[in-house]
Protein chains: 2
Amino acid sequence: MENNSIFIEKLRSSGLRPTKQRIKICKLLFDRKKTFHFTINDLSKILKNEISKKISLATIYNTVHSFKKKGYLKEISVNKDKSYFDTNTSNHHHFLDINTNELIDLKNEDVHNIKIKKRIPGKKINSIEVLVKIENSN
Amino acid sequence: MENNSIFIEKLRSSGLRPTKQRIKICKLLFDRKKTFHFTINDLSKILKNEISKKISLATIYNTVHSFKKKGYLKEISVNKDKSYFDTNTSNHHHFLDINTNELIDLKNEDVHNIKIKKRIPGKKINSIEVLVKIENSN
DNA sequence: TTCTAATTTATAATGATTCTAAAGTAGTGT
DNA sequence: ACACTACTTTAGAATCATTATAAATTAGAA
Ligand SMILES: [Mn+2]
Ligand SMILES: [Mn+2]
Ligand SMILES: [Zn+2]
Ligand SMILES: [Zn+2]
């Protein structure tokens, strides 16, 4: 009745025990066609609705952070008081709608190749992140 | 003995009374050759050292926020728990050194022109911000 | 089944930021 | 110069998201 084996494997293979809570959160985050962006608060609310037995807030934090550490989630800080987690862990850029705070993926081909001309001695580039803020155009 | 008149004017012209505290913070932030990046905590420490009579933390928050609202500062959120203020209010991009958390300005000509091919109906672009994370290259 | 370490949980602690409301100050008008 | 008022500063309290704690539960191994 359940199609959990893939998540159980995923968890096991990264040294995380496949608990009910982690499997539930895996299904919620990764068992979908499209990737998405969420806050801890979003996830917490969704779980509150979708689930019979409550998952404690501490577990939600722990799980999201361990998924991030394992590379299953990226964290994207858009401003001082809003930080999203992203189930799309590939290198990609974002629109941020400053009217709604919605974060929207840009495909890599949507952004002309970025070339950084300056270099800092002894440092190498780890990643390049573009945040395009958009607003109502009326 | 003081060269405060320029800051007094700046404050007055934006409807802020030139108080001792605001003038002191203006001098500290804007009376320098190079722009710079700071956190509230940085500023608070600098003031603690440089000043005889203490400025209360609430005033530091209030002042920085009103300077931001007046457009004298930009805020740059680099990750969930670090947000910088920037005395360089022009459009420009940044290196973030992920080993030291230092933020370094990129001149506009250091970043090849960025072209966003995708558009969202009813929305227009407000700004484009590039954050280039760098790390030790050894 | 038994044992152990990992995990979950409720709750407390933390800490950065914001709020409050009382005291102080700058600008205006007389 | 003085008085008046709105603005500002201040210390301390309140808030709230996140992290820590430590007891109960559970998963995996033997
Ligand atoms: Mn959200
Ligand atoms: Mn700093
Ligand atoms: Zn994304
Ligand atoms: Zn800058």
Side-chain angles (χ1 to χ4, degrees), chain A residues 2 4-5 7-28 38-48 51-70 72-73 75-85 101, chain B residues 2 4-5 7-28 38-48 51-70 72-73 75-85 101:
Chain A
E2 307 275 352
N4 293 340
S5 46
F7 297 124
I8 293 177
E9 267 327 295
K10 186 186 177 113
L11 290 167
R12 278 227 180 79
S13 74
S14 48
L16 298 172
R17 286 188 179 172
T19 62
K20 269 194 279 299
Q21 294 85 346
R22 284 172 177 160
I23 292 167
K24 176 70 202 173
I25 293 175
C26 269
K27 284 167 69 178
L28 209 153
F38 64 95
T39 63
I40 294 277
N41 187 46
D42 294 334
L43 179 55
S44 168
K45 280 196 213 133
I46 296 171
L47 286 166
K48 211 164 280 167
I51 220 174
S52 40
K53 188 180 179 314
K54 134 180 196 206
I55 297 180
S56 88
L57 186 56
T59 298
I60 297 174
Y61 274 97
N62 289 340
T63 302
V64 167
H65 288 147
S66 55
F67 285 3
K68 181 188 174 192
K69 188 176 296 178
K70 296 300 181 183
Y72 302 146
L73 293 172
E75 192 167 10
I76 296 159
S77 171
V78 297
N79 59 52
K80 152 116 52 195
D81 36 35
K82 195 126 201 177
S83 182
Y84 287 99
F85 290 90
N101 254 338
Chain B
E2 306 276 352
N4 292 341
S5 45
F7 297 124
I8 292 178
E9 267 326 296
K10 186 187 177 112
L11 290 166
R12 278 228 182 79
S13 74
S14 49
L16 297 173
R17 288 187 177 171
T19 62
K20 271 193 278 297
Q21 294 82 351
R22 284 171 177 161
I23 293 167
K24 176 69 201 173
I25 292 175
C26 270
K27 285 167 68 178
L28 208 152
F38 65 94
T39 64
I40 295 277
N41 186 45
D42 292 337
L43 179 55
S44 168
K45 280 196 212 131
I46 296 172
L47 286 166
K48 211 163 280 166
I51 221 175
S52 42
K53 186 179 180 315
K54 135 180 194 201
I55 297 180
S56 88
L57 187 56
T59 298
I60 297 174
Y61 274 98
N62 290 340
T63 302
V64 167
H65 287 149
S66 55
F67 286 4
K68 181 188 174 191
K69 188 176 296 178
K70 296 300 181 182
Y72 303 146
L73 292 173
E75 190 166 9
I76 296 158
S77 171
V78 298
N79 59 53
K80 152 114 53 193
D81 36 34
K82 196 128 202 177
S83 182
Y84 288 99
F85 291 90
N101 254 336

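Remember, predicted model here, so these are calculated numbers, not experimental data.
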Would you say the side chains of B/T59 and B/N62 form a donor-acceptor pair under 3.5 Å?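 No - no donor-acceptor pair under 3.5 Å links their side chains.
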[X] has an atom [atom1]; how far is it from atom [atom2] of [N], in whole Å?
X     : N      : atom1 : atom2 : result
A/L16 : C/dA5  : CG    : P     : 19 Å
B/L43 : C/dA16 : CG    : P     : 15 Å
B/F85 : C/dA16 : CZ    : C1'   : 12 Å
B/K68 : C/dT17 : NZ    : P     : 12 Å

So, is A/K54 near the phosphate of C/dA10, with a side-chain N or O under 4.0 Å from OP1 or OP2? yes
Looking at A/K80, I'd like to know if its NZ atom is crowded, meaning that more than 12 non-hydrogen atoms belonging to other residues, nucleotides or ligands lie closer than 6.0 Å. yes
Which two nucleotides bound the region of DNA chain D that has atoms under 4.0 Å from heavy atoms of chain A, read 5' to 3'?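 Both ends considered, the range comes out as D/dA17 to D/dG28.
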Determine whether [X] and [Y] make a side-chain contact, defined as any pair of heavy atoms from C-beta on separated by less than 4.5 Å.
X     : Y     : value
A/Q21 : A/K24 : no
A/F67 : A/C26 : yes
A/T63 : A/L16 : no
B/V64 : B/F38 : yes

Between the protein and nucleotides 18-26 of chain C, list every N/O to N/O distance that falls short of 3.5 Å.
residue	atom	partner	partner atom	Å
C/dA26	N3	B/R17	NH1	3.3

Test log, rule side chain to side chain contact (heavy atoms under 4.5 Å, CB included), inputs A/F85 and A/L43: CA-CA 10 Å; A/F85 290 90; A/L43 179 55; over 6 Å; no
Closest contact, heavy atoms only, A/P18 versus A/L11: CA-CD1, 3.7 Å
